[in-house]
Every structure is written in structure tokens, then in C-alpha cells.
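Everything on this sheet refers to the single structure shown next.
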Amino acid sequence: MSRYNPKDIEHKWQEAWAAQNIYAAKDFAKRPKFVMLTEFPYPSGSGMHIGHMREYTLGDILARHKRMNGFNVLFPMGFDAFGLPTENYAIKNRISPVKATRDNIANFEQQLKSMGFSFDWNRSFKTSDPDYYRWTQWLFLRFFAAGMAYQEEIAVNWCPFCKTGLANEEVINGRHERCDTPVEKKMLKQWLLRITDYADRLISGLDSVDYPPSIADQQVNWIGRSKGAEIDFQLEKSAEKIRVFTTRPDTIYGATFLVLAPEHPLVAEVTTKSQKEQINRYIKATQAKTDVERQAAASKEKTGVFCGAYAINPASQQRIPIWIADYILMGYGTGAIMAVPAHDERDSEFATKYSLPVQPVIEPEYGETKTGEITRDSIIAVLRNKKTNEVLLLNWGARQNQSGGRLLIGGGIERDEDIAAAAQREIREETGYRDVRFVQSSKEIVHNHYYSAVKERDCYAKITGLLFDLISDELVAPSPEPGEKGKFLLEWVPVETAAQLIDDPAHRRVFEELVANKVFTGEGLMVNSGKYDGLNSALMREQIVADLVKTRQAEEKINYRLKDWIFSRQHYWGEPIPIIHCPKHGPVAVPDDQLPVKLPPVEHYEPTNSGESPLGLIEDWVNVSCPVCGGPAKRETDTMPNWAGSSWYYLRYYDPHNDLTFAAGSKLNYWGMVDLYLGGMEHTTLHLLYSRFWHQFLFDQGLVPTPEPYAARRGQGIILAADNSKMSKSKGNVVNPTEIIESGYGADALRLAIIFLAPYDQTTPWSPEALGGTYRFLNRVWTLGAEFQNSANSTTGQKSDLLDRLCNTAIKKVSEDINGMNFNTAIAALMEYVNGLYKFKTEDKFTSGNWLSALQVLAKLLAPFAPHLSEQLWQELGNDGSIHLSDWPKWDPKFVNRQVTVIAVQINGKLRGELEVEAGITQEETLKLVEQEPKLQTQLAGKEIKRVIFVQDKLISLVVT
RNA sequence: GCCGGAAUGGCGGAAUUGGUAUACGCGCACGACUCAAAAUCGUGUUCCUUUUAGGAUUGAGGGUUCGAUUCCCUCUUCCGGCACCA
């Protein structure tokens, strides 16, 4: 054995593994199956980066570990080849997208192979293969046949740079996620998939799969289900009604005006002559804004215009004005709302600006109702010092052992007493301040159930809040007065921090209304609401809708933030949508036996500005006959988004060469769900959601056997540049894996460095130094193997107990860490093992009889992480066959549990010493040892042991006085 | 604003039913080998102090406990996602 040089071994083993085809998955094998899926890459022109390698290294470790544990592992790899970047790359370099794709994939394959990943290359394909996209088109036609794919003229998100329409999911902060160009609106006839039909299933399906909360929650949020009602508001002077969507029908009595989106179809109808000019000007101004501008305006002041007409509130029967404003979006709900300024912050802001009426209809209520409690009218007073911008709090917890924290000034109203007078009296009694000025009282009554510690009984208060300004800080007498004497401290605190200091929710609410001007958006008791007065708003929400449904003025409605998936792209490099437009029969499916509809070769791939695909220019491709009547017809010229091919690709791995169907049922049954799917967090609301939708639809069509595609999903974290910034070509801080391998570190050291960096799911900066560490570690492994072979070792010598212990501890830790996906600590355990072997080697000189097995175990434990070096070591140690087809080692508990252990001695919670004891020692024996230990004796001298806490083999804790 | 995650030495990070905080690696210092350097091997390395020892310490503050990185409450900062969604 010579020096460790990865170049000598890595390529050699890669070829050997390929020649022997050792990573091939076997259909129908009796062993348990395991599908380990990693997201297939998009073959860009710039090659693979370190982030790709993190994902595939993680998948490879798991695949290899499962294989060694007896699983029939399917670990496939393919290429997501259609899409904009390749097309743009081809245009820029004046080559065809076909050639660009071929070249890029060749480069990607070479890079993947140089990392030693155990992919089953026999099953590889790219989504731009006609043999593959034939089935993408076929599956699309199932959507079409089921009415799940439809065409509509809509305002799409249009990227003026890429010259194509986009799906909602591809727009981030008003910009195209690929090129960062601000998105415009453009009216185009588009194909859409009815993903909204599956909105509820996409939420409920998450219960049956193992996704981390960060991923599941993000999908649920993206779908944005909100339950509410659509309610009709009759126009005062017209037969038309305006339908609004609300999630708070319980606030309907507080609806004091309506607001329509500027694009709402009834705007013209409701605009009176006198308002027409103003309204038109406002609509024009709105249309001129891009989405980015309109979103930026969100943070600024709201704007709107009164349109002159009135509607009737179906609950209160009041006549309410109709406004238009661009804070209402046509794309959500009905594009119209009932504004409840008393209980909605946005409506409140709008009402304040345009002096519209405010009607409170919910009063906050806190605490649980208790039987036999006293009811009384009360006040809560806020005393504010305007000069210092502080308010006065009574701190009830600061004195003695009082319960309760900080409150405002509170008290009951005496019989025949004026509310303001009562508040002023309480201020004087409780604080001693007398020179105060009344500012305002609250509009809300706050209902509060509480236990009065002073009076020792349950109370129910109807509280009016009052705000006073302090005029002079002269005190009547040393405060506080007798009565509630000494029960609290007075504290002046800044207005900004007061809300979080006030302990009681009723007191806090009074402060929020009077000082912080916060709108009450919570649940509570209904008031000013006719027959619903005094009832709980949350409980009455559905009742109110039910009552309106009876008179056909409303219906229950669930709204989703999720929109139907815009499926058309006006580009060349994608799957042609297999539809023929006939003047007589409309859109007609291309018959299954004529699939695939192949992309025709063309001279120019450039997208057009018109919103028409470049395919439209190829007349002999476009002009076909109608499959139904044979008359002249035209092909659909839009192509599919690149999310189409990736929506079902995992299924094709199960049966990649089938030319009768997308995958045979028997193979779909055998492989079933993907057992673990590893990918990027950035695909959570794009690819991951789309492919779950496709799969759920295919399940409903009886085409796949499982309702969900992925049994478990994990997202790997991003690797940042060493300075914590994102790696990017423009910054020139991209880490190139091929350069690292070829510089001499090799793939194994790179794999280890990537994995050892941090937990797999954590975003973390790349550290070039880490590579030195893992390379050094592999060197030590290599050297250890070499020294062993050069020594006069023998398998007949006395077996070392220490060696067995090191070895079995390592097996246990590494096995458990891989199963828990704690790969970084698995490597730490391997390092500890090697460090231990080195130490032992120095004294033992390989004379113990169990060295060979200890090194074989080392090779096996290292095999998933550093496959090349492990294989080499395995061969050097005299084994036949690949280590990657060998069995994972098992640990023997008798070597893991230590005979002698060190336990900690704590006295009054502090560590005071350590004792080396026999494992399994009792509390009494340990206590005796403690009392004999001279150091500990001094600690215990003259003290009484009050309590002993004993944790077997770990710690003894003494409480002494 | 809402949802999710995080905060531990000079750095990346360990520590799961609450039980010896800082495993493993990097970096740094010293030593061995060497004419020398690299490589390699070994030792040390949370901080403070009056250093045979004592004290402090897991973003901040409070709580529960014999004992808290771990559980509870309040807050700050950072990362990811959503955001005028009615």
C-alpha cells in the first residue's frame, strides 16, 4: 500500500462498479424495497455546484446504508431538461437547444460519476426525450378528458424579458423567479389546470405523509384556505346586487360601506354621472401600475373614490355608500368587500382617511364565566403623562408575595356616580394624583371575568375605559391611600412598552383602544346587532350566514389563495400541448396513437413579443386536419411549463423503457410510494405541490396505486459562500466540486467535508478548511490500514476488550446517527473511532487478535460516506466482492455498556467531584464512596444531608444545609 | 403583520425521557521528527481571578426544579416563506 492518493483509486472503482452494475435496482425482488429519490437536476450550462452535491451525497449515503441493510434500493437519476434557461443558453450561444441539452447533460453525468454516487444509471432519462414526453402529453390528455385542463382568456403574469406567461408560483415579490424581471399583466388565452379542485386534498393529504412542519406549513399557507361567506348587498337604485366575500359575517352589522376593486365588472353600473370622471381617472391610474408598484403602494396610504351609489346592508338595513379602492384585489374572493372599520385594520385606516362612519359591533370579553359571581359596572383609567409620553401602571406583584402583575387603575362605579367622576376618584385614591384632565372614554365596553384577590370573590365587570392626562404631578397625600394600602407600587412606563407589561387582557385592551388606537379584531360579545346582541361572535358566525341563506342573501364559501395553474408557455423548448383546434369542434385531443407530438426542428427559437409561441410560425406543422371531422384545423402552439415533466418523473424510474404505457401497473405496485424524497426548500410551493397534485389526480383516475407520491420528504439546507453570502456566478464565489476533486482532495474528502459541515437541513457557510480536515482524516484511515498490513499482526492473538468496546460503540453510534439523519455526528463518531484506534495502536502494536475485524468494521462504517477509500481498504484487508454489497455490521450491547463508569457528584446543584465506580452501583454504596472521598469530605463537613438524588451510573446529587 | 426555523468558545458545530455544557473538526500555541520547510505525530486550547483552588458562562430577562442548552412566560436579533387574501 502506497500513500493515500484519491486519483489512484477513485476512477478505478467507479469503472469497476459500473462494469459490474452493482447498483442496479431489481424489479420484483423479494427483499424489502426502498425508493430513495433526490430531485433530478436542471442541466444548465454552468455545471453542477456544491449544493447539488450536498443533496446527492445525502441521498447516496442513505441509499448505500439501506443497501447494506438488505433493501432492494432504487436510487435513480435523470435530467429535467426542458425549460427557459436552456433555451436562453442556446439562443445566446447560437446552438440548438437539443445540442445544448446534450452537451450539458454529458457534463453533468461526468460530474456526478466523479463523485461516486450509486445511481442506477440503467433507468436514466431526460424529460426532453420524445419517449418520455410522449407520456407527459398522454397524462396531460387525461387531465383534458376529465375537464381538469381548460382554456381561458385571462390576465396572466407576463415576463417581458423571457417573453412568456408564468404561473403564480413562479412570481416572487412581483418578479419572475428565474430572471428577476418585474412581471406585467397581459391578456392571453391560456391553458390552466384545475389545481384548486384539489386544494383541500393537498392540505388533508399532508396528514398521511412525513414532511417536516416547515414544508407542510408552507404548503398549507400557500394554499391559503379561508372559510367564510359570500353575501349579497342590494343596490339602492338598481336591481343589481353586489356580492362580497367575508370571513367575518358576524361583523355584518358593522359594515358601514362597500369597497369594489377598480377592475370589478359592476363599477360602471354603480358609478353616478357626477362621479364618473373621478372614477375613470382613478381606474386609469391603477391600471398604469405594475404589480410591483401596486405592492409597494400597499405600505403607503390607501386611496379610493366614492362612486356615488348606495347599497343596503342586508342585516342592519342601513343605506351604505359604495367606494372603489385598489386595496381590494379582483383576484381574490369576489373583488368586493363589506368594510367593517370598527373591526378591520385596513377598513379602519380607509374610513379614517375618508371620514366614513364606524360602528362597533363586537365587544371584547375575557375570562371564564363562573357561577355566583358578582356583576358590576367598572372603569379602567389610563393616566398619561404627555410630556414624558409615559403611562402609569400599578405593579401588584412588586410587594410582598402578592399575586398579579402590572395593571392600570381600576375600580367600581358607586351608585348614582358619574363614570368620569368615578374614574377621577379612583385615580385619587389609588395614586394620589388629583390634577388630571379627562381626554376621552372608550367606545367599547370590555367584559371581564376575574377573581378579585382583595375582595376574595369572583367578579364580572362591564368596563368602560377612560383616558386622562396628568396636568401636575402634585400629590394629594403620600400614595397610596389607606384601603388598598401597600398592595402595589406605582410605575411610570413608556407608552411603547406599556402594552407588553400590562398583565390583564381587559386592561391591555383598554390601553390599546385609548392610547395605541388599535382596532379590535378578536372575538367577543355581539352588540348593535339586533337579535344577536349579547351572543358570542365566534359561535354566531355560522348562524348569521345560515339566517341569510334562508332568505337567499348569502351562501357559505371557502376561498383559496391558491389559483389554478397556468400551464401555457409561449416558448419553443417544452412539450407541445397535444391539442388541435378545429373551427367546428373546438379544442380536440390529439389521438393517443399519434403521440408524441414532436417538437419540429426550427431555425429560430427566439420567443415573439406578441405572446405567440415561435411554433406558430411553422406552417406545415401548425396546419393539420381535425381528428374528429378531418377538416382543416390548427395545432396548439403553446408548450408546457418545465414543471410538467417533473410532475411525474419518479414514476417513470419504475419502468423507464416501457413504450406501451407511462409505467406498468405491476411495477407501480411493487415500488409504491417514494420512501424518502430529498430536495430543496425552494421547490416547496412549486414542484413539490405540483407533483402532489398530479399524483392525486392520477390516483383518482386509477392510474397509480397510492394517494400520495412521497411517503417522506426532507429538505437540505443551502450551502453559502464562506462569507455567509449566497453563492452566485456574478459574485464569482461559486465552489466548483470538480476543481476540488481534481486538485487532489478527491471525491471522498469532498463528500465528507460537505456532510461534516453541519446538520444536513441547515443553511451553512462553506469552509474550504474543512476539506483539509476530512482529507487528513481519510489519510489517517489509509495509514492505519497500511501500518496494519506492514505489521506482524495475527488473528490468533488475545482479543482486546478495549478494541471490542471501541468498535461496538462506533457501530452503534454511526448506525443510530444515519437512521436519525445526523450525518455530521456520524462522521464525528468515525473520527473518534479512528482516534481511539490510533491511541491503542501505539501501545498494542497490532498484537491483539481482533484488529482485522476492527478495521473491517471501520471500512464498512465508512462505506456510505467515502465509498472509494472503503472499497480499497476492504480489498486490501483481503476481502472478495464489493464492500457495498456486504452486510452492515451489528453491535453487541455487552461491549457497549461499560463495566467501569465515572459518575458526577453534585452538592447543592454544583459539580464538586467525580467518582470512578463499577457500573450498576447502588445509591447507598455511592454515598459511602462520597463520604470517604477526602475532597468531598471538606465540602460536606459540618453539614446535614437533607436529600439525595441518584441517577444510575451517571450522577449523585446531594442537597445539604 | 402572519407562519416556520434558529441564537452555544476565535470559527463550523456536539449534548432527547431535564442529570458532568463546549464531543468532533477548523484555527491557534507549544513540542517531536528535519540542516530546514512541508507533511506527519504528540500536548494544550470557553472566559475571568489573587491559579495545589475558586468563580462565571449556552442571545436578554423572569419562572418551575436538588439540578435547565433542554420545559413554561416575556422580549431581542437573524434566516426562510407569505403578505392590503377581506
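Below, chain A is the first sequence line, B the second, and so on; all start at residue 1.
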Atom P, compared across B:G12 and B:G63: separation rounded to whole Å
31 Å
Roughly how far apart, to the nearest Å, are B:U77 and B:U64 at atom P?
28 Å
Pairwise C1' distance, B:U65 and B:C72 [rounded to whole Å]:
12 Å
Taking atom CG of A:Asp232 and atom CE of A:Met338, what is their separation to the nearest 0.5 Å?
12.5 Å
Give me the distance, rounded to whole Å, that separates B:C66 from B:C82 when you measure between the C1' atoms they each carry.
46 Å
Flag the pair A:Arg175 and A:Glu170 as a salt bridge only when some basic side-chain nitrogen lies within less than 4.0 angstrom of an acidic carboxylate oxygen.
no
Determine, for A:Asp200 against A:Arg225, whether the closest basic-nitrogen to carboxylate-oxygen distance falls under 4.0 angstrom.
yes
Rounded to whole Å, how long is the line connecting atom OH of A:Tyr4 with atom P of B:U40?
13 Å
Least distance between heavy atoms, A:Ala255 atom then A:Ile320 atom
O-CG2, 3.7 Å
Does a side-chain N or O of A:Arg561 approach OP1 or OP2 of B:C3 to a distance below 4.0 Å, or not?
no
Would you classify A:Arg225 as touching base, sugar-phosphate or nothing, given that sugar-phosphate means primed atoms plus P, OP1 and OP2, and contacts are heavy atoms under 4.0 Å?
nothing
P spacing across the pair B:A32 / B:A37, given as an integer number of angstrom:
11 Å
Whole-angstrom distance between B:U45 and B:G18, as gauged at atom P:
31 Å
Please state how far atom NE2 in A:His264 lies from atom C1' in B:A86, giving the value in whole angstrom units.
13 Å
How many Å lie between CD on A:Gln716 and P on B:G80, as a whole number?
16 Å
Examine A:Lys302 relative to A:Tyr327 and say whether NZ or CZ is less than 6.0 Å from the centre of the six-membered ring and inside a 45° cone about the ring axis.
yes
Would you tabulate the side-chain donor-acceptor contacts of residues 748-760 of chain A under 3.5 Å, counting partners in other chains and residues two or more places apart, or write 'none'?
from	atom 1	to	atom 2	distance (Å)
A:Asp748	OD1	A:His868	ND1	2.8
A:Asp748	OD2	A:His868	N	3.3
A:Asp748	OD2	A:Leu869	N	2.8
A:Arg751	NE	A:Phe865	O	2.8
A:Arg751	NH1	A:Asp60	OD2	2.9
A:Arg751	NH1	A:Met115	O	3.1
A:Arg751	NH2	A:Asp60	OD2	2.7
A:Arg751	NH2	A:Pro864	O	2.9

Does B:C66 have OP1 or OP2 sitting under 4.0 Å from an N or O in the side chain of A:Arg947?
yes
Could you tell me whether B:G67 is syn or anti, where syn means a glycosidic angle within 90 degrees of zero?
anti
Please report, rounded to the nearest Å, how far the P atom of B:C84 is from the NE2 atom of A:His343.
24 Å
Give me the distance, rounded to whole Å, that separates B:U8 from B:U58 when you measure between the C1' atoms they each carry.
4 Å
Any idea which of B:G80, B:C84, B:A86 is nearest the A:Phe245 side chain?
B:A86
A:Glu349 and A:Lys353 ion-paired at < 4.0 Å:
no
Rounded to whole angstroms, how far apart are CE on A:Met681 and P on B:C79?
16 Å
Could you verify whether a donor N or O on one side chain and an acceptor N or O on the other, from A:Gln359 and A:Thr256, lie under 3.5 Å apart?
no
Whole angstrom is fine here: how far is it from NZ in A:Lys227 over to P in B:A86?
15 Å
Could you check whether the rings of A:Trp782 and A:Tyr4 sit parallel, tilted or perpendicular, using 30° and 60° as the cut-offs?
tilted
Can you work out whether A:Trp222 or A:Gly333 has the more 5'-proximal nearest nucleotide on RNA chain B?
A:Trp222
Protein-nucleotide distance (A:Leu688, atom CG; B:G81, atom P), rounded to Å
16 Å
Within the 4.0 Å limit for protein heavy atoms, which parts of nucleotides 11-26 of chain B are touched? Write it as a string from 5' to 3', B for base, S for sugar-phosphate only, - for none.
-BSS----BB--BBSS
Options B:A86, B:G4, B:G55, nucleotide nearest the side-chain atoms of A:Thr247:
B:A86
Note, RNA chain B 5' to 3' with Watson-Crick or G-U pairs under 3.5 Å encoded as ( ), [ ], | and . gives (((((((..(((......[....)))((((((.......))))))((((...))))..(((((..]....))))))))))))....
Tell me whether the rings of A:Trp323 and A:Tyr354 are parallel (<30°), tilted (30 to 60°) or perpendicular (>60°).
tilted
Taking only side-chain nitrogens and oxygens of A:Arg508, does any of them come within less than 4.0 Å of OP1 or OP2 of B:U74?
no
Rounding to a whole Å, what distance do you find between A:Glu349:CD and B:A86:C1'?
14 Å
Cationic N near anionic O, under 4.0 Å, A:Glu556 to A:Lys227
no
Inter-nucleotide C1' distance (B:A83, B:G4), Å rounded
15 Å
